[in-house]
Amino acid sequence: MWSSLGTSLGSIILYSFTNWLAEQIKTQKIDHVFFCARDAQAIHKAWQLQDFDNKIGCTSSYLYVSRRVLRYSLCYTEIVKDRCLSDASLNFIINESCEPEDSYAQIFEPFNISQTRIYQDGFKTIFGNLNSKIDWSRIDEVKGYIQEFLLDDLLPVFKQVFENTTNYYHQEGLMSDNNKIAVVDLGWNGTIQMSIASLRSYFGVDSKVYGYYYGLFRQNTTGRLYKNGPMTAAFWNKFLRQDETTTLMNSINLLENFHSADHQTTVDFYLSNTDGCYYPTLKEDKGYAYINSFNETFKLFQDYALQAISEWVTTGSYMGILATDISIASANAAMAQVFCSPNKHEIETLGAIEHSMLHNHDEFHRIIPNNLPKTQEQVSVLLHRGGWPAGVMTHWINLGIKEKNPTAYQIARQHFDYYPELIKSKF
């Protein structure tokens with residue numbers, strides 16, 4: 001199934017996007033293109049396969065980057081400059097790093113702060129034991145406690161990551177003001193581009209970075225254009241109406257998994273004693289669980305997609321489809337078919353993907369839960385947790401939710417009120 005999906009869907013997505021991207025890079029006269037880890041690794045391979053560097057007259061490279069190394073680096077600059085952390089940094093440390101059922105200990109685990117030090121200024125009296133469940137109704141108070149009492153204890157971790165990360169980015173040319181550069185990623189909020197722009201500004205580099213993406217959220221990215229620099233998306237632009245975002249809202253987690261890289265996420269960088277260069281420190285792949293799973297699934301998807309692209313490049317045709325027929329519009333249509341109207345085999349294969357919403361990839365949930373919701377309260381959580389509501393709803397209907405739990409069915413169906421009638425009618 002993965003090879004079939006790679007041939008029929010992955011190839012169209014990658015080929016249409018890289019050809020669109022090549023036109024953008026050529027038009028804007030970009031000197032260097034950074035393909036951001038991990039999501040853009042497969043995109044970079046498709047780019048190289050078509051020899052776009054030579055065809056356009058630019059250079060490109062794969063850039064090791066992650067939300068963690070960028071945000072920790074910005075945390076350091078915020079404390080040094082302002083003696084406080086921004087709301088975005090506090091949200092990253094807590095909201096984006098912890099699951100609803102986690103304990104307070106999870107917040108502080110990455111920073112190696114002793115329990116005695118955390119309790120020193122009254123944490124236990126105010127919030128309870130570190131091992132107690134986070135009271136999310138008081139999370140602003142927790143953030144205030146961190147701001148007031150623990151910044152000096154967090155700073156050493158932030159400083160180490162900042163120094164290693166910025167040394168690596170200087171080495172790679174990301175901090176240069178001499179070239180017109182662009183970053184490529186799947187997209188959504190433009191957070192990586194914004195973080196890179198902030199770090200460049202910290203070092204006095206104020207020229208704008210161009211960003212090219214699959215899609216952008218309309219509610220966030222429009223307000224970031226001035227700071228970030230130009231942001232352009234191929235499949236879903238930032239000015240879509242809500243009723244035009246159906247495919248986007250059902251594609252995000254699936255596309256992120258389709259574009260998994262052959263390595264774990266970047267947690268830091270280190271200086272090699274051998275050649276004096278900086279290299280990424282990757283999250284440990286315990287028991288090779290990640291790479292084994294990747295090789296059995298997403299690698300097949302990518303390999304077969306790249307095989308099809310190779311045929312389009314060399315012969316102009318593959319399995320009866322002409323390269324000239326591949327476009328952004330045809331890719332959008334292919335994605336809408338799979339993501340919004342999946343068949344039984346697609347439900348079975350894609351629904352079994354284990355996806356993590358946390359930046360540290362410590363907690364995973366199936367894209368599609370195995371069973372029907374048992375309570376009305378579970379409907380919304382299970383419908384959207386995996387990021388594929390159309391897939392979940394299709395699965396539930398196949399399991400007989402209409403007959404077994406008509407109340408839950410009616411509640412679930414209301415979540416699709418803004419969907420196009422063609423899709424909504426299936427539910």
Side-chain angles (χ1 to χ4, degrees), residues 5 8-10 12-18 20-21 24 36 38-40 42-43 67 183-194 211-225 228 230-260 301 305 326-342 346-347 350-351 353 355-357 365 367-368 380 383-395 412-427:
L5 278 170
S8 60
L9 178 64
I12 296 174
I13 295 172
L14 287 172
Y15 189 77
S16 63
F17 178 77
T18 48
W20 171 87
L21 177 62
Q24 303 294 319
C36 295
R38 296 184 290 166
D39 294 346
I43 301 172
R67 287 181 287 170
V183 294
V184 176
D185 197 9
L186 292 188
W188 324 132
N189 289 302
T191 304
I192 285 181
Q193 186 178 345
M194 184 176 67
Y212 297 103
Y213 306 100
Y214 275 24
L216 294 167
F217 283 153
R218 60 193 178 97
Q219 63 266 40
N220 294 329
T221 51
T222 51
R224 294 178 171 179
L225 288 172
N228 282 18
M231 303 168 67
T232 308
F235 301 123
W236 305 285
N237 69 57
K238 51 192 169 290
F239 300 112
L240 291 176
R241 300 189 311 270
Q242 184 180 20
D243 62 337
E244 295 176 315
T245 63
T246 304
T247 307
L248 170 62
M249 299 312 297
N250 281 279
S251 73
I252 293 172
N253 291 358
L254 291 172
L255 285 173
E256 287 180 358
N257 281 280
F258 289 170
H259 290 74
S260 295
F301 177 90
I326 306 300
S327 65
I328 294 299
S330 60
N332 262 321
M335 285 189 284
Q337 177 66 41
V338 174
F339 299 151
C340 296
S341 186
E346 290 159 352
I347 290 287
L350 304 184
I353 294 172
H355 182 77
S356 177
M357 295 298 292
H365 299 286
I367 293 282
I368 294 180
S380 180
L383 195 62
H384 295 283
R385 185 170 65 183
W388 194 19
V392 175
M393 189 64 170
T394 303
H395 180 58
R413 198 179 187 284
Q414 291 173 9
H415 288 258
F416 299 91
D417 284 347
Y418 70 90
Y419 276 50
E421 191 61 38
L422 181 63
I423 298 173
K424 187 167 57 177
S425 62
K426 298 178 182 294
F427 304 142

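All values derive from a computational prediction rather than experimental measurement.
Contacts of Gln414 classified as side chain to side chain contact (heavy atoms under 4.5 Å, CB included), with partners at least two apart in sequence or in another chain: Asp417. Contacts of Ser380 classified as side chain to side chain donor-acceptor pair (under 3.5 Å), with partners at least two apart in sequence or in another chain: none. Partners of His395 according to the ring pair (Phe, Tyr, Trp, His ring centres under 6.0 Å) rule, which considers only residues two or more places apart in sequence or in another chain, do not exist here. With sequence neighbours excluded, no residue satisfies salt bridge (Lys or Arg N to Asp or Glu O under 4.0 Å) with Lys426. Listed by chain and number, the residues in a side chain to side chain contact (heavy atoms under 4.5 Å, CB included) with Ala234 are Phe17, Trp20, Ile328 (sequence neighbours excluded). Here Met249 pairs with Phe217, Thr245, Tyr418 under the side chain to side chain contact (heavy atoms under 4.5 Å, CB included) rule; sequence neighbours left out. In this structure Glu256 satisfies the side chain to side chain donor-acceptor pair (under 3.5 Å) test together with Trp188, sequence neighbours excluded. Applying the side chain to side chain donor-acceptor pair (under 3.5 Å) test to Asn250 and every residue at least two apart in sequence or in another chain returns Tyr419. In this view, Leu422 satisfies the side chain to side chain contact (heavy atoms under 4.5 Å, CB included) rule with no residue, not counting sequence neighbours. Considering only residues two or more places apart in sequence or on other chains, Thr18 meets the side chain to side chain donor-acceptor pair (under 3.5 Å) condition with Gln50. Annotation: ring pair (Phe, Tyr, Trp, His ring centres under 6.0 Å) contacts of Tyr213 (sequence neighbours excluded): none.
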Exercise for review: List the steps and the verdict of side chain to side chain contact (heavy atoms under 4.5 Å, CB included) for Leu21 and Val184.
Suggested key: CA-CA 9 Å; Leu21 177 62; Val184 176; 3.8 Å; yes
Point to revise | side chain to side chain contact (heavy atoms under 4.5 Å, CB included) between His415 and Met393, worked out | key: CA-CA 10 Å; His415 288 258; Met393 189 64 170; over 6 Å; no
Point to revise | Residues Phe235, Ser251; criterion side chain to side chain contact (heavy atoms under 4.5 Å, CB included); working and verdict | key: CA-CA 11 Å; Phe235 301 123; Ser251 73; over 6 Å; no
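Phe416 places none of its side-chain heavy atoms less than 4.5 Å from the side chain of Ile423. Leu350 places none of its side-chain heavy atoms less than 4.5 Å from the side chain of Pro342. The closest side-chain heavy-atom distance from Leu255 to Ile13 is below 4.5 Å. Using a 4.5 Å cut-off on side-chain heavy atoms (C-beta onward), Phe339 and Leu9 make contact.
The line from CG of Leu186 to CD1 of Ile252 is 10.0 Å long, rounded to the nearest 0.5 Å. Taken to the nearest 0.5 Å, the OH atom of Tyr214 stands 7.0 Å off from the OG atom of Ser16. Taking OG of Ser260 as the start and CZ of Phe301 as the end, the distance is 10.5 Å to the nearest 0.5 Å. Rounded to the nearest 0.5 Å, atoms CE (Met194) and CE (Met231) are 9.0 Å apart. In this structure, the separation between CZ on Arg413 and CG on Leu383 is 12.5 Å, given to the nearest 0.5 Å. Distance check: Ile12 CD1 to Asn332 CG gives 11.5 Å after rounding to the nearest 0.5 Å.
Nearest heavy atom pair, residue Ile367 against residue Leu254, reads CG2-CD2, 4.4 Å. When all heavy atoms of Pro230 and Gln193 are compared, the pair lying nearest together is O-NE2, 3.2 Å. Considering every non-hydrogen atom in both Arg385 and Asn253, the closest pair reads O-ND2, 4.2 Å. Pairing each heavy atom of Ile347 with each of Gly391, the nearest pair is CD1-O, 3.3 Å. Across every non-hydrogen atom of His259 and Asp39, the tightest pair is CB-O, 3.2 Å. Scanning all heavy atoms of the two residues, the minimum distance from Leu216 to Gly190 falls at CD2-N, 4.5 Å.
Looking only at distances, no side-chain donor or acceptor of Ser341 sits under 3.5 Å from a matching main-chain atom of Gln337.
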